[in-house]
S.K.: 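Quick one: structure below, then a few questions.
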There are 2 protein chains.
Amino acid sequence: MKHVTGSAAEAAMQAVGDQVGQVFGELFGSRRTKPRASRSGDRLSADRIVEVAIGQMRDRGYDAVTMRSIAKELGTGPASLYAHVANRAELDQLVTGRICAQIRIPDPDPEHWDAQLRQSLVDMLALYREHPGVARCTMGMIPLQPGVLVVSERLIALLKAGGVPDQHCAWFIDVASLYVAGVAIEEDIWRERHLGQDPDEGGTLQHVEQEVVVEQVRNVFANLPAEHFPLLSALAVPMTSGDADDRFGFGVDLLVAGLKALAAQG
Amino acid sequence: MKHVTGSAAEAAMQAVGDQVGQVFGELFGSRRTKPRASRSGDRLSADRIVEVAIGQMRDRGYDAVTMRSIAKELGTGPASLYAHVANRAELDQLVTGRICAQIRIPDPDPEHWDAQLRQSLVDMLALYREHPGVARCTMGMIPLQPGVLVVSERLIALLKAGGVPDQHCAWFIDVASLYVAGVAIEEDIWRERHLGQDPDEGGTLQHVEQEVVVEQVRNVFANLPAEHFPLLSALAVPMTSGDADDRFGFGVDLLVAGLKALAAQG
DNA sequence: ACCTGAACACCGTTCAAGT
DNA sequence: ACCTGAACACCGTTCAAGT
């Protein structure tokens, strides 16, 4: 949240942050704890707490990250965190803000706005995948963190370059954000199921496991009683084919094609 | 899960259930506890546990439903539940199966397959809204519960009536299910934030609260520094306009329009 | 076969007391 | 101003013991 201090951009961002703080306060019933600027190694700060939270989400999964586990890694007790972060909900907000600030969306090229849009959604999923667990923080969030606002701003630029009407721009961002986060969350839940189950790194093992389950699911579909499930049993192969990228690619194509079609028809 | 006993349909469903049980067992590492047929009032059963869980999700919110709270309402301790339900994950599966079994999707009318499809998605959201909290159970779920399979089967019928290619049918069901569940979950998180906050029923109060927050959010957007957020501040009104139904309606239109466009172009 | 009490190893959050 | 120990009121799950 605090990059370089003193610049005009920084001041503007801080102003945004203050306004946002008011809304959050009313939402979560929490007095906003004012952020601290210190960066010295051994003092607690919201920044360090967020950092540890992100790291633990990746290493141990979203559900394993608790106020207590964060405090432990920081060498203190859970109570100490509450001087810098109002509660778990606010921590999730800060985590989302920090990660989304890393998304880079290109300046619009009117010739290729749709390809740029598709690529941006793919990049968003890739970022969530680099930081497993973070997508779960975004559910039900009002996207007011500065990092998230920048993403919206730049997505709108892309959409407007494609001549998308204002109302469609606004609503599309919601739909697309929800879809990307949803896919990331489902992958994440899947990942957590097979996390720690094997003591050695679950990376490739998870991949193999997944293929085994896909095979089993296909068998279930294929062997469904045809008198009750004629279509599902006939479509056993397409229902279970394609990897995560194929499926997500279809979803992205669907959203962008829908956007164009709606704009064209009215 | 068990409607009328002894029919051929019932036997077929049971066969499906057994296969599904195997897959779940490997997924969750749980021995499937065989379902009991008893319906007498005061005995524990998976059915009664699921019933209580659904009721509590509606009354107190998803997060407030715990093994302990369910046990308490059933007049026993949490340990007793584990004779009928393997764990919390399986309970969520059963809850989803029970609720999705209530969805009614019409026989396809080839002239109006797209309107039928849109209406079916609207009905799905309406059902989730009738049973708040249930949508959260569906995240990361492999849709193998009989009730969920029926929904897929009948959605495919609609899609095929519209000439949608097999692979698109399969993937579209995933995207649409995720979107509908995602919208329901976000509404649910919102609802829980304002649940119990006021002792009297939160129904209308929540609605008013929501309008207040929308107004605040619009103000934040409108007052964003124009040099950093020219588009977002200009689009403050469209970004925050429309109620939940308007936004969901747009999402549904987008998905269906996308489906048609993709089918037409390849 | 079904149920249970008690325990284990956890949670988020608060608050009086310290520095 | 910042930090902490201890406590409060909870979790899911297991297991030996009962019926």
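Order of the sequence lines sets the chain letters (A, B, ...), proteins ahead of strands, with each chain counted from 1.
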S.K.: In terms of side-chain heavy atoms of A:His84, which of C:dC2, D:dC3, C:dT4 is nearest?
M.R.: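 Nearest to the side chain of A:His84 among the choices is D:dC3.
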
S.K.: Identify, with sequence neighbours excluded, every residue that meets salt bridge (Lys or Arg N to Asp or Glu O under 4.0 Å) alongside B:Asp245.
M.R.: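 Result, salt bridge (Lys or Arg N to Asp or Glu O under 4.0 Å) vs B:Asp245: B:Arg129.
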
S.K.: Among all residues two or more places apart in sequence or in another chain, which pass the ring pair (Phe, Tyr, Trp, His ring centres under 6.0 Å) test with A:Phe248?
M.R.: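 A:Phe248 satisfies ring pair (Phe, Tyr, Trp, His ring centres under 6.0 Å) with A:Tyr179 once adjacent residues are dropped.
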
S.K.: What is the separation between atom CG on B:Asp63 and atom P on D:dG12, rounded to the nearest whole Å?
M.R.: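 Computing the B:Asp63:CG to D:dG12:P distance gives 11 Å.
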
S.K.: Who pairs with B:Glu153 by side-chain contact (heavy atoms from CB on, under 4.5 Å), at least two apart in sequence or on another chain?
M.R.: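 B:Glu153 satisfies side-chain contact (heavy atoms from CB on, under 4.5 Å) with A:Phe229, A:Pro230, A:Leu231, A:Leu232 once adjacent residues are dropped.
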
S.K.: Take atom CZ of B:Arg88 and atom P of D:dT13, then tell me their distance rounded to the nearest Å.
M.R.: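 Result: 9 Å.
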
S.K.: Quickly work out the A:Asn87 CG to C:dG12 C1' distance and round it to whole Å.
M.R.: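 Between C1' of C:dG12 and CG of A:Asn87: 9 Å.
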
S.K.: Taking only residues two or more places apart in sequence or in another chain, which ones pass side-chain contact (heavy atoms from CB on, under 4.5 Å) with A:Thr96?
M.R.: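 Expected list: A:Cys100, A:Cys137, A:Thr138, A:Met141, A:Val148.
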
S.K.: Partners of B:Gln102 by side-chain contact (heavy atoms from CB on, under 4.5 Å), sequence neighbours excluded?
M.R.: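 With neighbours one apart ignored, the set is B:Ile99, B:Leu127, B:His131.
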
S.K.: What is the distance, to the nearest angstrom, from the CG atom on A:Leu81 to the C1' atom on D:dC3?
M.R.: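 In whole Å, D:dC3 C1' lies 11 Å from A:Leu81 CG.
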
S.K.: Can you give me the dot-bracket string for DNA chain D, 5' to 3', counting Watson-Crick and G-U wobble pairs with both distances under 3.5 Å, using [ ] for crossing pairs and | for partners on another strand?
M.R.: ||.|||||...|||||.||

S.K.: List the residues meeting side-chain contact (heavy atoms from CB on, under 4.5 Å) with B:Thr66, not counting sequence neighbours, and say none if there are none.
M.R.: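 Counting only residues at least two positions away or on another chain, B:Thr66 forms a side-chain contact (heavy atoms from CB on, under 4.5 Å) with B:Arg68, B:Ser69.
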
S.K.: Check side-chain hydrogen bond (donor to acceptor under 3.5 Å, both in side chains) between A:Asp243 and all other residues, then give those that pass, not counting sequence neighbours.
M.R.: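 Applying side-chain hydrogen bond (donor to acceptor under 3.5 Å, both in side chains) to A:Asp243 gives none.
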
S.K.: With sequence neighbours excluded, what pairs up with A:Asp188 under the salt bridge (Lys or Arg N to Asp or Glu O under 4.0 Å) test?
M.R.: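 So A:Asp188 forms a salt bridge (Lys or Arg N to Asp or Glu O under 4.0 Å) with A:Arg136, A:Arg191.
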
S.K.: Pick out the pairs of N or O atoms, protein on one side and nucleotides 9-11 of chain C on the other, that lie under 3.5 Å.
M.R.:
| unit_1 | atom_1 | unit_2 | atom_2 | d |
| --- | --- | --- | --- | --- |
| C:dC11 | OP1 | A:Thr66 | OG1 | 3.4 |

S.K.: When every nucleotide of nucleotides 14-19 of chain C is labelled 5' to 3' by its protein contacts under 4.0 Å (heavy atoms), B for base, S for sugar-phosphate only, - for none, what sequence of letters results?
M.R.: BB----

S.K.: I need the NZ-P distance between A:Lys72 and D:dT4, as an integer number of Å.
M.R.: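 Distance, rounded to whole Å: 16 Å.
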
S.K.: Please collect all salt bridge (charged side-chain N to carboxylate O under 4.0 Å, His left out) contacts where either partner lies in residues 75-89 of chain B, sequence neighbours excluded, each pair once.
M.R.: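 Of all non-adjacent pairs touching residues 75-89 of chain B, those that pass salt bridge (charged side-chain N to carboxylate O under 4.0 Å, His left out) are B:Arg88-B:Asp92.
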
